[in-house]
Amino acid sequence: MTGIASETKQNEMGLSWGKAALLSLPMLLLTALLLLHGHNLKDPLQAIAAGITYLFANYIFFKMLRSGRTHRYRSIFFVAASVLFVVSFLANMFEMRGTMELSTANILDGEAPLCPLVIPALLIPAALTQTIIFPGSMFAGYAGVATMIVLWIGFSLAVGRGWCSWICFFGGMDEGMASLCKKPSIRSFDQRWTYLPWAVLLAVVLLSAATLSPAYCEWLCPFKTVTEYPAVNSLETGLQAVIFVSLFLGLVIYLPLKSGKRTQCGLFCPFGAFQSLFNRCNSFAVRIDRARCVDCKICLKECPTFSLNEASLAAGETRSSCTKCGRCIDRCPRGAISYHIKGTEFLRHPKTARLLFLYPAFIFMAVIGGGCIFGGLLRLLKLLTTGSMIG
Amino acid sequence: MWEGFLLGLATGVTCLAYCSPVLLPFLLGEAQDVRRSAGLTLQFLGGRLLGYLLFAVAAWWAGQLWRQSGLMREAAMGGIYVLLALLLLAYGRGFKSEACAGQMVKKKTAAWPATLGLLTGLNLCPPFLLAFAAAAQTQTLRDSLLYFFSFFIGTSLYFLPLPLLGFCRRRAELKTIGRLAALVAAVFYLYRGILMMAGGLIP
């Protein structure tokens with residue numbers, strides 16, 4: 001029964017081969033402009049990396065349209081982008097500095113690339129002191145402050161907290177680990193822990209304003225473990241390193257593997273909580289058709305970021321923390337969950353609503369994730385052909 | 001006296017920024033109505049005033065030693081941070097059990113915000129150091145106390161809107177967030193406190 005219902009739903013949301021191909025054409029053109037532009041395609045390695053990235057992105061988009069499944073294909077691209085981001089980022093760091101360590105000199109020279117996770121903590125100090133409390137460059141170098149902030153504003157306005165499932169290169173690590181869990185041994189979390197990201201957000205924003213330094217980066221960021229970290233040369237930096245590694249092992253590796261949930265994103269990330277605010281002011285949402293819903297609660301079990309609970313299910317909507325990943329939509333056996341455009345009649349044109357969401361979300365994913373995939377692939381190709389990723 | 005008030009007025013935003021990691025989670029955690037929030041803010045400010053005045057006296061009597069020994073100052077400030085962290089931890093740990101935390105706060109309701117205020121009042125934030133430098137140049141203990149008092153009045157004006165958080169009283173979620181944020185801030189102060197103590201005691 002469940003299988004039949006699921007198939008019916010796939011037929012509802014999936015498109016015919018011809019329609020899917022036709023609707024993929026704009027994406028083929030846009031991604032050609034966005035992914036192939038700016039590379040030296042006369043260099044065979046760059047041409048191969050760019051070609052693979054381009055074909056991979058468009059294959060994923062076509063499959064999303066053809067099959068009607070969003071999460072399944074998004075997840076493949078998202079996780080691949082995240083893994084290759086680490087490869088590309090670390091290779092860049094080793095090329096620039098010869099180490100993952102961020103020295104005092106690097107900080108004084110403003111060489112740290114801006115990580116989006118720090119953005120909420122920059123706002124109050126910027127308003128109070130008209131300065132950016134981050135040791136990065138405004139325009140120059142890798143991930144300049146201005147570039148990242150413009151990208152963040154654009155994407156946040158377009159799809160709100162969709163950022164966390166369509167663009168965040170850190171979220172892909174969490175999602176990749178969670179997807180490896182086939183039989184969860186941790187089945188439930190106290191609902192109150194889902195407020196922890198808000199508490200971390202409140203604390204780091206206030207502490208950053210108090211100390212005029214990015215408090216989250218200095219002592220709480222799990223992803224320092226796989227990107228860059230302050231040089232360990234004192235008790236303080238040693239303690240920081242222990243905190244970073246412990247948080248990474250606990251929130252990004254152990255808990256996702258044991259629970260199948262994105263615990264870093266759902267139970268800790270302050271930037272995710274901040275992005276939830278944008279869910280209130282963008283056009284797209286995920287809604288539940290109460291007439292079709294049979295309260296099987298599969299969506300509650302499947303949601304990787306704890307964005308559905310009994311109350312939200314009864315209200316026919318997700319919580320504000322929904323990352324629009326599409327997993328509940330894919331897994332609902334009754335096809336009762338769908339993307340929705342606010343201000344329009346619910347379920348009037350569900351396919352159109354999905355398509356209108358997929359275009360902006362996928363374009364941003366292709367730009368950022370595609371960049372990560374290209375960068376990572378290029379490094380791997382260099383490794384294969386020259387024996388070294390750098391140089 | 002006017003100088004102290006104006007200095008407080010000029011640097012009050014920074015002062016608010018320093019105190020808010022402690023006060024805001026507490027107010028959110030306790031938000032019941034505007035009147036109660038105002039009461040808690042006043043208690044916090046009372047504690048903070050006491051901290052300022054104590055510091056003015058201590059600075060007057062033991063100022064030379066305090067200023068000469070940077071390591072001792074680090075260790076002492078570290079100790080204050082650790083105390084503050086322990087208080088916040090004790091407050092925040094009640095987030096999972098509303099009844100327990102409610103009883104705990106009910107019993108000690110007057111002591112909590114005042115003690116937190118006292119400990120943040122003893123905090124050497126930049127505006128405080130400015131006031132300290134200016135007060136140290138006054139001729140008498142009375143002048144020093146007056147200077148710190150007027151500085152306190154100037155900075156406290158920025159705390160006036162905080163009781164409006166009481167309008168959030170219907171949101172149980174905010175209480176949980178406030179208590180959890182107190183835990184996160186506690187971990188931060190504990191970490192900073194231990195590092196400062198280690199830096200002060202182990203030169």
Side-chain angles (χ1 to χ4, degrees), chain A residues 121 123-131 133 189-220 234-244 246-247 267-270 273-274 276 306 309 311-312 319-321, chain B residues 11-29 78 81 85 88 92 94-98 101 120 123 125-128 158 165 171-202:
Chain A
L123 302 178
I124 295 180
L128 290 178
T129 65
Q130 286 81 51
T131 50
I133 52 155
F189 289 87
D190 188 316
Q191 274 283 310
R192 274 169 285 200
W193 285 116
T194 60
Y195 297 115
L196 185 60
W198 291 98
V200 177
L201 174 68
L202 180 65
V204 297
V205 164
L206 295 175
L207 290 168
S208 298
T211 58
L212 290 181
S213 62
Y216 183 75
C217 301
E218 284 182 358
W219 60 285
L220 275 181
S234 64
L235 175 66
E236 182 171 2
T237 48
L239 253 178
Q240 285 172 340
V242 169
I243 294 172
F244 298 149
S246 309
L247 285 172
L267 300 180
F268 190 74
C269 182
F274 189 62
S276 300
F306 313 93
N309 61 14
S312 69
R319 300 172 77 190
S320 65
S321 56
Chain B
T11 59
V13 179
T14 318
C15 229
L16 178 65
Y18 264 78
C19 287
S20 56
V22 176
L23 179 58
L24 230 64
F26 188 80
L27 281 181
L28 283 176
Y81 272 138
L88 283 172
F95 87 95
K96 285 186 86 171
S97 163
E98 284 299 323
T120 50
N123 189 353
C125 65
F128 192 91
Y158 294 93
L165 282 172
R171 306 298 299 268
E173 294 93 336
L174 286 180
K175 287 192 171 195
T176 309
I177 292 168
R179 283 178 180 273
L180 285 169
L183 285 180
V184 179
V187 173
F188 174 78
Y189 283 116
L190 194 63
Y191 161 84
R192 288 284 287 264
I194 290 171
L195 285 176
M196 286 174 86
M197 283 174 80
L201 298 174
I202 313 164

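Keep in mind that this is a model prediction, so the values were computed, not measured.
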Check the orientation of B:F188 and A:W219. Use parallel for under 30°, tilted for 30 to 60°, and perpendicular for over 60°.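 Ring orientation, 0 to 90° scale: tilted.
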Against chain B, label A:L202 side chain, backbone, both or neither, depending on which of its atoms sit under 4.5 Å from a heavy atom there.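 Side chain only.
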Report which part of A:I124 has an atom under 4.5 Å of a heavy atom belonging to chain B: side chain, backbone, both, or neither.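 Contact with chain B is absent: no heavy atom of A:I124 under 4.5 Å.
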Please find the pair of heavy atoms, one from A:A203 and one from B:A185, that lie closest to each other, and give the distance.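 So the two residues come closest at CB-N, 4.3 Å.
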Solution key, residues 21-28 of chain B side-chain donor-acceptor pairs under 3.5 Å, sequence neighbours excluded:
none

When rounded to the nearest 0.5 angstrom, what is the spacing between CG in A:L201 and CG in B:L180?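 The CG atom of A:L201 sits 12.5 Å away from the CG atom of B:L180.
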What's the separation between atom CE in B:M196 and atom CD in A:E236, rounded to the nearest 0.5 Å?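 Answer for the CE-CD pair, B:M196 versus A:E236, is 10.5 Å.
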